[in-house]
Amino acid sequence: MDESNELMRQRKEKLSEIRKAGINPYPHKFTPTHTTAVIRKDFDKVDETPDETHRVTVAGRIMTKRDHGKSSFANLQDSKGQIQIYVRRDGVGAEPYLIYRRFDIGDIIGVSGVVFRTRTGELTILVDEVELLSKSIRPLPEKWHGLQDKQTRYRQRYADLIMNPDVKEVFIKRTQIVRAIREMLDAQNFIEVETPVLQPIYGGASARPFTTYHNTLDQQFYLRIANELYLKRLIVGGFDRVYEFSRDFRNEGMDRDHNPEFTMLELYQAYADYLDIMELTENLIAKTVEKLHGTTQINYQEKTIDFTPPWQRMTMIESIQKHADIDPESFSKHELYTTVVDAGIKLEGDESRGEIIAELFDVFVESKLDQPTIIYDYPIEVSPFAKKKPDNPDFVERFEFFMCGMEVGNAFSELNDPIDQRRRFMEQASKLEKGDEEAFMVDEDYLRALEYGMPPTGGLGIGIDRLTMLLTDQYSIRDVILFPQMRPES
RNA sequence: GAGCCGUUAGCUCAGCAGGCAGAGCAUCUGACUUUUAAUCAGAGGGUCACAGGUUCGAUUCCUGUACGGCUCACCA
């Protein structure tokens with residue numbers, strides 16, 4: 001970390017020269033009057049004649065420097081973009097000019113001057129005052145190729161953000177997506193809440209948890225894999241519409257669409273069922289896309305995706321019939337099993353019929369769902385918190401939606417029958433005992449809440465990272481998470 | 001967890017059928033008051049990821065390790 005090379009030695013020398021000249025290289029405060037973006041907007045019409053009424057003060061990082069004897073051009077980058085500055089010895093004075101010439105690419109400076117246009121038409125600040133705001137002692141990547149190395153980009157996201165404006169844009173869009181969803185939910189009288197990250201019993205999803213330990217309580221805790229059960233406790237408590245952007249943690253592999261910590265929006269709406277939630281989902285996402293892009297059709301990795309509601313809807317069985325060209329309903333359990341195994345998937349052998357059907361879906365269908373598609377009616381065995389279909393107890397009122405081959409969300413008519421829920425918990429508990437690391441424990445307190453009575457409720461979870469990938473055309477989840485999980489540097 | 005690929009200057013990358021380590025940008029010195037990948041003249045900068053092995057000699061070949069990328073498996 002403390003590697004020293006010639007470039008850094010030179011910069012540290014300049015730093016002490018600057019100090020010796022009586023200049024504080026790290027002053028406390030500076031007050032810009034403009035950002036580069038505002039300058040571009042407000043001074044769009046200026047010509048080549050400097051005019052005192054076009055005076056601005058801006059702060060930013062020196063990104064390029066073109067010194068020419070007694071004058072110098074540089075590009076200053078602030079949070080909104082870049083602007084060229086033109087510093088002349090005659091403009092700032094001989095002493096300050098000499099100091100300015102010692103500044104490096106990467107230094108953060110503040111300048112005052114008037115906006116004009118050079119004879120090549122470039123909007124430029126003719127500077128008469130320069131102040132060093134922060135001396136940079138580590139060289140930035142070069143200007144032309146920038147920072148490419150993915151490892152460095154993810155580990156040193158700060159350098160990535162300095163060098164690659166597109167990256168910053170992605171994260172601004174991520175914020176806009178979250179804000180758009182929040183505004184829409186708020187407008188529909190949903191209440192945003194916060195629930196525990198540290199949970200004594202994990203649940204609400206099938207995943208291996210991270211464990212941690214509370215010293216004072218002398219007890220093991222889990223980082224939440226979902227916040228589902230807490231939000232439904234709040235529905236019991238009389239909040240009819242709640243949501244939370246929940247950072248969840250799952251102790252599993254990492255790849256293009258999995259990071260150990262990720263963000264999920266979960267929402268619950270009392271007196272709604274999964275059909276209502278389907279409609280809510282389509283609208284929520286279509287409107288978010290429209291707010292971000294001005295249209296509901298966007299490109300993702302060369303494919304055009306149309307979010308305009310209503311989306312295609314298929315039951316899980318129908319989707320398998322269509323994409324796998326087999327009819328699970330007419331297959332015996334053994335035939336289903338053989339089909340999956342023949343596709344090269346390892347099974348334990350003790351899977352239930354429903355689990356095998358879900359496996360068929362994963363293997364044959366999921367990757368083919370490019371356009372937004374709602375797959376509904378899931379086998380009960382893979383859906384321990386969803387309500388059974390009134391006419392078929394083997395299936396539940398659950399849907400997931402997919403786009404570009406990725407699962408983006410999951411929803412159901414919430415199971416509110418405490419007796420049935422206890423039975424489902426017991427099944428999970430026995431799986432856990434048999435060594436299924438993704439099964440979970442009985443949550444007695446959650447059952448107690450259901451016993452008080454939970455209204456019929458529809459619930460929804462949306463993977464915010466994946467949604468952001470789609471809406472910002474990013475191939476990897478690492479490109480929509482500022483600090484993706486990495487192994488420690490040696 | 002498995003397979004394939006990668007790791008060379010601050011950055012982006014060449015190179016090496018095994019024989020003194022290369023370029024561009026960046027940096028330093030000098031010239032230059034409208035340049036914008038500024039230009040011109042000169043200079044410095046390397047544990048070739050790490051550890052072993054083969055060899056007279058390894059950055060290059062072999063083995064292992066670390067980290068990363070892609071694909072697959074698991075998962076959302």
Side-chain angles (χ1 to χ4, degrees), chain A residues 3-11 13-14 48 50 63-75 82-92 97 102 104-106 116-124 126 136-156 159 163 204-208 225-226 246 248-266 344-346 358-359 362-363 366-367 382 400-402 406-410 437-438 461-467 469 475-478 484 486-490:
Chain A
E3 83 265 39
S4 61
N5 57 53
E6 192 191 351
L7 299 178
M8 289 188 68
R9 274 200 309 277
Q10 286 167 353
R11 284 175 176 232
E13 259 173 50
K14 288 182 186 175
E48 297 182 18
M63 297 304 288
T64 61
K65 208 156 172 264
R66 296 174 292 282
D67 291 334
H68 296 240
K70 297 178 187 66
S71 76
S72 171
F73 288 92
N75 284 80
Q82 293 195 2
I83 190 110
Q84 177 168 268
I85 62 170
Y86 184 37
V87 181
R88 293 194 300 188
R89 195 179 66 172
D90 292 351
V92 295
Y97 185 72
R102 306 298 291 159
D104 290 303
I105 289 171
F116 77 114
R117 217 171 268 283
T118 63
R119 60 180 171 222
T120 53
E122 177 88 18
L123 202 64
T124 302
L126 180 60
S136 163
I137 58 169
R138 183 178 290 271
L140 284 174
E142 61 128 321
K143 61 192 169 190
W144 192 240
H145 299 89
L147 180 61
Q148 306 283 340
D149 182 69
K150 286 193 177 180
Q151 184 164 181
T152 312
R153 287 187 43 220
Y154 296 145
R155 289 190 194 281
Q156 302 182 34
M163 297 307 297
S206 300
R208 292 161 65 187
I225 59 172
S246 173
D248 294 343
F249 306 82
R250 298 189 183 176
N251 208 337
E252 285 156 357
M254 299 148 60
D255 61 25
R256 154 174 137 69
D257 51 7
H258 296 268
N259 194 65
E261 56 181 297
F262 64 103
T263 303
M264 182 140 74
L265 165 71
E266 287 202 37
I345 305 301
K346 289 173 296 246
E359 193 65 44
D362 286 348
V363 175
E366 181 168 350
S367 64
V382 297
E400 294 187 314
F401 60 98
F402 299 83
M406 271 192 300
E407 182 195 334
V408 179
N410 181 20
E437 288 178 305
E438 285 168 7
I462 297 178
I464 294 297
D465 313 271
R466 289 182 181 179
L467 183 64
M469 286 168 66
Y475 180 74
S476 167
I477 199 167
R478 290 187 209 88
M486 302 282 276
R487 286 196 168 82
E489 292 177 76
S490 54

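For Lys143(A), no side-chain nitrogen or oxygen approaches OP1 or OP2 of C11(B) to under 4.0 Å. At C70(B), one or more side-chain N or O atoms of Arg478(A) fall inside 4.0 Å of OP1 or OP2 (strictly under the cut-off). Here Arg66(A) does not reach the OP1 or OP2 of U35(B): none of its side-chain N or O atoms lies under 4.0 Å away. Residue Arg89(A) places no side-chain N or O under 4.0 Å from the OP1 or OP2 atom of U33(B). Contact between the side-chain N/O atoms of Lys65(A) and the OP1/OP2 oxygens of U35(B) is not found at any separation under 4.0 Å. Listed pair Arg119(A) / U35(B) meets the phosphate criterion, a side-chain N or O lying under 4.0 Å from OP1 or OP2. Close to A66(B), at under 4.0 Å from its OP1 or OP2, lies no side-chain N or O of Arg487(A). Look at Arg155(A) and you'll find a side-chain N or O under 4.0 angstrom from OP1 or OP2 of G68(B).
Between the C1' atom of G44(B) and the CE atom of Met8(A) lies a distance of 18 Å, rounded to the nearest Å. With rounding to whole Å, Tyr154(A) atom OH is found 12 Å from G68(B) atom P. In this structure, Phe73(A) atom CZ and C32(B) atom P are separated by 16 Å, rounded to whole Å. Rounded to an integer number of Å, the gap from Met254(A) CE to C72(B) C1' is 16 Å. In this structure, Gln151(A) places its CD atom 11 Å from P of U12(B), rounding to the nearest Å. In this structure, Arg11(A) places its CZ atom 15 Å from C1' of G45(B), rounding to the nearest Å. Protein atom CZ of Phe402(A) is 10 Å distant from nucleotide atom C1' of A76(B), rounded to whole Å. Look at CZ on Arg256(A): it is 9 Å from P on C72(B), rounded to the nearest Å.
No engagement by Asn410(A) is indicated, since no non-hydrogen atom pair under 4.0 Å with the nucleic acid exists. At the heavy-atom level, Met264(A) lies nowhere under 4.0 Å from the strands shown. Among the atoms of the strands shown, none is found under 4.0 Å from any heavy atom of Phe401(A). Residue Asn259(A) is in base contact, counting any heavy-atom pair closer than 4.0 Å across all strands shown. Within the nucleic acid shown, Gly409(A) has no heavy atom closer than 4.0 Å to any nucleic acid atom. Nucleic acid contact class of Glu438(A) (heavy atoms, under 4.0 Å, all strands): sugar-phosphate only. Ser72(A) comes within contact range of no nucleotide atom at all, as no heavy-atom separation falls under 4.0 Å. Note on Glu122(A): a base of the nucleic acid sits closer than 4.0 angstrom, heavy atoms only. If you check every strand for non-hydrogen atoms under 4.0 Å, Asp90(A) touches a base. The residue Arg117(A) sits apart from the nucleic acid: no heavy atom pair falls under 4.0 Å.
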Are Met63(A) and Met163(A) close enough, and set up right, to give a side-chain contact (heavy atoms from CB on, under 4.5 Å), and what steps lead you there? CA-CA 9 Å; Met63(A) 297 304 288; Met163(A) 297 307 297; 3.9 Å; yes
Please evaluate residues Glu407(A) and Arg466(A) with respect to the criterion side-chain contact (heavy atoms from CB on, under 4.5 Å), reporting the C-alpha separation (whole Å), side-chain torsions for both, the decisive distance (0.1 Å), and the verdict. CA-CA 8 Å; Glu407(A) 182 195 334; Arg466(A) 289 182 181 179; 4.0 Å; yes
Would you check, one step at a time, whether the test side-chain contact (heavy atoms from CB on, under 4.5 Å) holds for Met469(A) with Arg256(A)? CA-CA 10 Å; Met469(A) 286 168 66; Arg256(A) 154 174 137 69; 3.8 Å; yes
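Ring orientation note: the planes of Phe116(A) and Tyr86(A) are tilted relative to one another, at an angle of 30° to 60°.
C32(B) is unpaired under the Watson-Crick or G-U wobble criterion, no partner having all donor-acceptor distances under 3.5 Å. The partner of G46(B) is absent, by the rule that a Watson-Crick or G-U pair needs both atom distances under 3.5 Å. A 3.5 Å limit on both hydrogen-bonding distances identifies C13(B) as the Watson-Crick or G-U partner of G22(B). Across all strands shown, U59(B) has no partner, as no Watson-Crick or G-U wobble contact with both distances under 3.5 Å is found. With both pairing distances under 3.5 Å, C4(B) is matched to G69(B) as a Watson-Crick or G-U wobble pair.
A donor-acceptor pair is defined here as one N or O able to donate and one able to accept, closer than 3.5 Å; no such pair exists between the side chain of Arg119(A) and the backbone of Glu48(A). The closest donor-acceptor contact from the side chain of Tyr154(A) to the backbone of Asp149(A) lies at 3.5 Å or more, if one exists at all.
Exactly one residue among Glu122(A), Lys143(A), Arg66(A) makes a side chain to side chain donor-acceptor pair (under 3.5 Å) with Asn75(A). That residue is Arg66(A).
Mapped onto RNA chain B by nearest heavy atom, Lys150(A) and Glu366(A) fall at different nucleotides, with Lys150(A) at the one closer to the 5' end. Comparing Gln84(A) and Asp104(A) against RNA chain B, the residue whose closest nucleotide sits nearer the 5' end is Asp104(A).
When each of A26(B), G45(B), C74(B) is scored by its nearest atom to the side-chain atoms of Glu6(A), the top-ranked nucleotide is G45(B). Picking from U33(B), U12(B), A37(B) the nucleotide with the shortest atom distance to the side chain of Asp149(A) gives U12(B). Nearest to the side-chain atoms of Arg250(A) among the listed nucleotides A76(B), U35(B), C13(B) stands A76(B).
A distance of about 11 Å separates the P atoms of U63(B) and C4(B), rounded to the whole Å. If you take atom C1' in G15(B) and the same atom in G22(B), they sit 7 Å apart, rounded to whole Å. When the P atom is used for both G46(B) and A9(B), the distance is 11 Å, rounded to whole Å.
Side-chain atoms of Glu142(A) and base atoms of G24(B) include a donor and an acceptor less than 3.5 Å apart. For a distance-only test at 3.5 Å, the side chain of Asp67(A) fails to qualify as a donor-acceptor partner of the base of C32(B).
For Phe262(A) and A76(B), the ring-to-base geometry satisfies the stacking test (centroid distance below 5.5 Å, interplanar angle below 30°).
A donor-acceptor pair shorter than 3.5 Å can be found between the side chains of Thr124(A) and Gln84(A).
Here the CZ-CE distance, from Arg138(A) to Met8(A), works out to 4.5 Å after rounding to the nearest 0.5 Å.
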